[in-house]
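In what follows, a single structure is set out as structure tokens and then discussed.
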Amino acid sequence: MVEGGRKTLSNVIHSQVQLHAGFGGVVPELAARDHLERLPGLVDLALERAGVRASDIELIAATRGPGLAGCLLVGTGVAEGLAAAWDVPLTGVNHLWGHIYAAMLAVPDLEPPLLGLVVSGAHSDLVRMPAHGDFDVIGRTRDDAAGEAFDKAARMLGLGYPGGPALDRLARRGDPRRQPLPRPSLPGLEFSFSGLKTALLYRLRDIGEPDDQTRADLAAAFEESVVESLLEKLDRALQQSPTAEVVVAGGVAANTLLRRRAAEVVGDRARLTMPPLELCTDNAAMIAAAGYFAGRQAATVDPSLGWAS
Ligand code: KG4
Ligand code: ZN
């Protein structure tokens, strides 16, 4: 429940981590079914925590894509039902836009134009946002997304699901200089993480049975390579076309090293906004904010939407 696109009244999250943990990753069918079972109760809870009644609601926003088709269908289906029952308009929202709008919830006077870096489980995108609802992708990954790379590296290091946060924790005890890994560097604003992933795989094969400290050192080196390669492009984009506002968002923006280094790299060239941790990873408040500022009339599901409206 969000007021005026800026103020979070409630942001209820049901984590499916337990549901998928035994499988080592998200099982789409289970995810969709769990959405269906949980969503009505979560809506009630969100209303209760916000202290508002259904009759106070003026707009419903639902994610159109990109995402898992089954989950998107459940979300828009429930939203359509509520919109009809409560007689309020329904708007369709792009998931990736939502990550940028999470920053608007954190900083009340943040407005476009801005430069954004959205790093999630499936995307590592550099975007320029000249105005609300207007996004121009200027850099993306050639292969894996940053979050996907973290998750795969975590699995190689014997960490459970979800991998990103576990790798973050392990890396805090490591020294990246003891097990240096290559730093991906493509020309322009493109990212690539598959070579780094292979380098970690080969290193682990060479080592055989890494002890605890070596695993932590490898986690730190891997994290450093991903973070520095992300920030190298952010820095380049900022140099090419200076902007007063920079947003780094998406699940990977919860990463400890990325948060510290992004602030150093941006420095005083722009104001950097990284949403608080609970607004970095997927949540409903960011979708409500995006719906308020930039929602589209149709809530038609498109699982492979990309950044298109
Ligand atoms: O945006 P998000 O919650 O879901 C998608 O839209 O994909 O991002 C999830 C991704 C996962 O790959 C997860 O491992 C990663 O964000 N992640 C992290 C951290 N917290 C979440 N990666 C590195 N360090 C973290 N602290
Ligand atoms: Zn996301």
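Indexing begins at 1, ligand by ligand and atom by atom, following the structure's order.
At least one side-chain heavy atom of Asp34 sits under 4.5 Å from a side-chain heavy atom of His14.
Counting heavy atoms of neighbouring residues, nucleotides and ligands inside a 6.0 Å radius, atom CD of Glu58 does not exceed 12 of them. Heavy atoms of other residues, nucleotides or ligands lying less than 6.0 angstrom from CG of Asp87 number 12 at most. Gln18 CD: 12 or fewer foreign heavy atoms inside a 6.0 Å radius. Counting non-hydrogen atoms of neighbouring residues, nucleotides and ligands closer than 6.0 angstrom, the CZ atom of Arg183 exceeds 12 such neighbours.
Around the Zn ion (ligand 2), the protein N, O or S atoms closer than 2.8 Å are His95 NE2, His99 NE2, Asp282 OD1, listed by chain and residue number.
The aromatic ring centroids of His132 and Tyr101 lie less than 6.0 Å from each other.
Between Arg172 and Glu223, at least one side-chain N (NZ, or NE/NH1/NH2) sits under 4.0 Å from a carboxylate O, which counts as a salt bridge. Salt bridge Arg260/Glu228: absent, no basic N to carboxylate O contact under 4.0 Å. A salt bridge links Arg271 and Asp109; the closest N-O separation between the charged side-chain nitrogens and carboxylate oxygens is under 4.0 Å.
Contact residues for ligand 1 (protein heavy atom closer than 4.0 angstrom to any ligand atom): His95, His99, Ser120, Gly121, Ala122, Gly147, Phe150, Asp151, Gly164, Pro165, Asp168, Gly251, Val252, Ala254, Asn255, Thr281, Asp282.
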